[in-house]
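In what follows, chains carry the letters A, B, and so on, assigned in the order in which the sequence lines appear, proteins first and then strands, with residues in each chain numbered from 1.
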Amino acid sequence: GFDKMASIHITADWPYFTRRRAYMREQHGDPSNPPMEISPAIFQVIREHGPRSSIDFKRKDMVDWSWGKPTRLARASLEILNAMGELLIHHRVGTRRVFDLTERLLPTELISALDPNETEKDYQNWHVFRRVGGLGLASPNASEYWGAILGVNTEIRRATLKRLVDSGDLMAVAVDGVPRQTFFIRMADLPVIEAVQKKRSPRARAVFIAPLDNLLWDRNLVRRIFNFDYVWEIYKPEVERKYGYYVLPVIYGDRFVARVD
DNA sequence: CGAGGACTAAATGAGGCGCC
DNA sequence: GGCGCCTCATTTAGTCCTCG
């Protein structure tokens, strides 16, 4: 699915993403959009022959796509139908996704379930709260980690965070050594934080952190709290790389101590 | 603050080729 | 016809910096 970015989420969350699917349909679902024009053919093949991936469609037409590059029309079509909720990933072959009809993969009650968030405001509360949980410690400042929350800009986000504090779901906190900055945590995380602080000397072990791990969503915060500057260099031109294509941070105990590539 | 632009390499599989 | 080997095309996934 798609939450902050491409991600795995539990099927029980399907109804909560009704708004996102509708939004994707608004963006791409016009029948004259080339990937939509060929969608009936795609559906037919999958319905009759089972799960299919982009390479199973032989047509060579190209369309403009993300990453500033064109892509094959069939691939664009699968991708858009997936974003709109018509197709889901059945399995993967290596990194390639093989799609099947949503109606074959999800129970009917889930597909027909209503969006639990009745109003726009309900949705905003839900999604901002969910994202704060993902971040653990959330700065209200604009950044990529607030992305993909529909209709929420900086102003609305600040208002939503305030609402969630007022309702007792979130708590505003300050961090030692980071002056003049308010952060937000989930109230429900408080016992965990307190338990960790009480533990005298946790047994230290080394952990390799993946570049897209939640811990690294706010790289600014990592720099300020842990004094560790991390950039995933995969998207840097080779000559500009400092450490390597796929540098990973290494944590030992509660500190960032090294990098590996 | 937010829009827009620039940017990468590993893994996989299809297809061509020579050879038996 | 089929195997082994090679090459080539395709697919996958967001970050970060600049500018108005």
Side-chain angles (χ1 to χ4, degrees), chain A residues 1-9 20 23-24 27 35 38 42 45-46 49 51-83 87-100 124 128 131 134-135 138-161 180-182 208-224 228-249 259-261:
Chain A
F2 200 96
D3 187 357
K4 171 174 165 284
M5 290 288 176
S7 54
I8 295 169
H9 45 81
R20 159 151 291 274
Y23 173 74
M24 294 316 280
Q27 295 296 301
I38 67 160
I42 301 240
V45 170
I46 295 178
H49 305 287
R52 283 294 181 275
S53 95
S54 56
I55 60 162
D56 299 319
F57 297 92
K58 297 300 171 205
R59 46 186 314 149
K60 294 284 178 209
D61 347 24
M62 306 295 279
V63 285
D64 286 338
W65 199 241
S66 58
W67 301 76
K69 282 182 184 163
T71 197
R72 290 173 50 236
L73 183 59
R75 184 273 179 110
S77 187
L78 289 169
E79 201 96 24
I80 286 169
L81 294 171
N82 175 234
L87 299 177
L88 290 180
I89 299 170
H90 177 273
H91 67 282
R92 302 179 87 118
V93 179
T95 52
R96 188 162 28 85
R97 295 108 99 216
V98 182
F99 297 93
D100 199 2
Q124 291 170 354
V128 169
R131 193 61 57 83
L135 284 156
S139 153
N141 299 341
S143 192
E144 275 99 9
Y145 51 73
W146 287 116
I149 301 179
L150 297 174
V152 174
N153 57 20
T154 297
E155 189 189 344
I156 296 176
R157 182 172 60 251
R158 286 178 189 277
T160 307
L161 287 166
R180 290 181 304 282
Q181 169 81 62
T182 303
F208 296 68
I209 307 298
L212 304 180
D213 191 287
N214 304 39
L215 184 60
L216 300 170
W217 281 1
D218 187 347
R219 304 196 196 274
N220 239 336
L221 185 63
V222 169
R223 187 163 43 73
R224 286 192 290 172
F228 187 81
D229 237 318
Y230 178 66
V231 175
W232 192 23
E233 301 194 307
I234 178 169
Y235 301 111
K236 265 193 188 315
E238 197 172 358
V239 288
E240 290 171 30
R241 287 187 210 139
K242 240 169 108 182
Y243 300 101
Y245 176 70
Y246 215 98
V247 231
L248 302 181
R259 307 163 202 262
V260 258
D261 178 52

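Remark: P of C/dA13 and CD of A/E79 are 7 Å apart, rounded to the nearest angstrom. In this structure, A/E233 places its CD atom 19 Å from P of C/dG14, rounding to the nearest Å. As rounded to whole Å, 13 Å separates atom P of B/dA10 from atom CH2 of A/W232. Between the CD1 atom of A/I234 and the C1' atom of C/dC16 there is a distance of 14 Å, given to the nearest Å. Remark: P of C/dT15 and CG of A/N220 are 14 Å apart, rounded to the nearest angstrom. Atom CE in A/M5 sits roughly 15 Å away from atom C1' in C/dT12 (whole-Å rounding). Distance, A/L216 CG to C/dG14 P: 14 Å, rounded to whole Å. Rounded to whole Å, the distance from OH on A/Y246 to C1' on C/dG14 is 11 Å.
Looking at the side chain of A/R72, the nearest of the listed nucleotides B/dG2, C/dC16, C/dT10 is C/dT10. Of the candidates B/dC1, C/dT11, B/dA9, the closest approach to any side-chain atom of A/R75 belongs to C/dT11. When each of C/dT11, C/dT15, C/dA13 is scored by its nearest atom to the side-chain atoms of A/A6, the top-ranked nucleotide is C/dA13. Listed nucleotides: C/dT15, B/dG2, C/dT11. Nearest to the side chain of A/L212: C/dT15. Comparing atom distances between the A/K236 side chain and each of C/dC17, C/dT15, C/dT11 picks out C/dC17 as nearest. The side chain of A/Y245 has B/dA9 as its nearest neighbour among C/dG14, B/dA9, B/dC1.
Taking A/N141 as the reference, A/S139, A/R158, A/Q181 meet the side chain to side chain contact (heavy atoms under 4.5 Å, CB included) condition, with sequence neighbours excluded. The side chain to side chain contact (heavy atoms under 4.5 Å, CB included) check on A/L216 picks up A/I209, A/R219, A/V222, A/Y230, A/P249, A/F256, with sequence neighbours excluded. Shown here are the side chain to side chain contact (heavy atoms under 4.5 Å, CB included) partners of A/E79, two or more places apart in sequence or in another chain: A/W65, A/R75, A/R97. Not counting sequence neighbours, the partners of A/D100 by the salt bridge (charged side-chain N to carboxylate O under 4.0 Å, His left out) test are A/R104. In this structure A/Y23 satisfies the side-chain hydrogen bond (donor to acceptor under 3.5 Å, both in side chains) test with no other residue, sequence neighbours excluded. For the salt bridge (charged side-chain N to carboxylate O under 4.0 Å, His left out) test, residues two or more places apart in sequence or in another chain that qualify with A/R131 are A/D3. Taking the side-chain hydrogen bond (donor to acceptor under 3.5 Å, both in side chains) definition, one finds that A/R223 meets it with A/N220, sequence neighbours left out.
Nearer the 5' end of DNA chain C, as judged by each residue's closest nucleotide, is the contact made by A/T71, out of A/T71 and A/Y230. Nearest-nucleotide positions on DNA chain B for A/R158 and A/D56 put A/R158 closer to the 5' end.
Of the possible polar contacts, one joining the A/S77 side chain to the A/P35 backbone as a donor-acceptor pair under 3.5 Å is found.
Note on the helix from B/dC1-C/dG20 to B/dC20-C/dG1: terminal axis deviation equals 20°, with five pairs used at each end and the result rounded to 10°.
For DNA chain B, the neighbouring residues in residues 144-156 of chain A, judged by any heavy atom under 4.0 Å, are A/N153, A/T154.
For A/T160 and A/R157, the side-chain atoms include no donor-acceptor pair closer than 3.5 Å.
Backbone-only engagement by A/R241 is indicated by non-hydrogen atom pairs under 4.0 Å involving sugar-phosphate atoms exclusively.
For A/F208, the CZ atom is loosely surrounded, since the number of other residues' heavy atoms within 6.0 Å does not exceed 12.
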